[in-house]
Amino acid sequence: MPLPTLVVLCVAFSFGMIQMPALFKKKLKREAWAYFVLLSAGTACSIYAANVQPVPSPLNALITIYGPINQFFDRLLSP
C-alpha cells in the first residue's frame, strides 16, 4: 500500500474514531450514518487524488445525462 494512501486512511480513521463515539453517545444514529457515508466518500476521493491520478469532472456525468434530453427538446421546439 503506497504511503499517501496509508496517510489518508490513518487521518480518516482518526477522525472517525473521534466523532463516531460522540455521535452514538448522544443517540444521533442518523447523523452518525451520514457522517460515515460522507467520510467514506471523502476518503475515497482523497485516496484517488493522493495517488496522483486525474479525477474526472462531475460535469461529464451531467453532460451524459442531459445531452439526450437537450437534443430532444431542441428538436421538439425548433421551427
Side-chain angles (χ1 to χ4, degrees):
M1 185 179 305
L3 184 62
T5 301
L6 188 62
V7 169
V8 169
L9 285 175
C10 288
V11 169
F13 181 75
S14 64
F15 284 156
M17 291 305 295
I18 291 170
Q19 290 296 322
M20 293 297 278
L23 290 171
F24 278 116
K25 188 176 181 181
K26 294 179 184 176
K27 297 182 181 176
L28 300 172
K29 292 184 182 179
R30 237 183 246 170
E31 286 81 359
W33 279 106
Y35 184 80
F36 174 74
V37 168
L38 292 173
L39 181 64
S40 298
T43 302
C45 290
S46 296
I47 289 171
Y48 198 68
N51 288 325
V52 191
Q53 296 176 353
V55 179
S57 172
L59 186 59
N60 294 339
L62 291 174
I63 291 170
T64 304
I65 292 170
Y66 289 113
I69 296 171
N70 186 25
Q71 291 174 359
F72 171 75
F73 281 114
D74 193 32
R75 278 185 264 137
L76 183 69
L77 298 175
S78 65

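Model, not experiment: these values are computed from the prediction.
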Do you reckon [X] sits in the same ILVMFWY cluster as [Y], going by side-chain contacts under 4.5 Å, direct or chained?
{"X": "V11", "Y": "I47", "value": "no"}
{"X": "F36", "Y": "L39", "value": "yes"}
{"X": "F15", "Y": "F13", "value": "no"}
{"X": "L23", "Y": "W33", "value": "yes"}
{"X": "I63", "Y": "F72", "value": "yes"}

Using side chain to side chain contact (heavy atoms under 4.5 Å, CB included), reason through Y66 and L62 one step at a time and then give a plain yes or no.
CA-CA 6 Å; Y66 289 113; L62 291 174; 3.9 Å; yes
Rounded distance (nearest 0.5 Å) linking atom CZ of F73 with atom OG of S78:
13.0 Å
Identify the two heavy atoms, one from I69 and one from I65, that lie closest to each other, and give their separation to 0.1 Å.
CD1-O, 3.9 Å
How about F24: does its CZ atom have over 12 heavy atoms from other parts shown lying under 6.0 Å from it?
yes
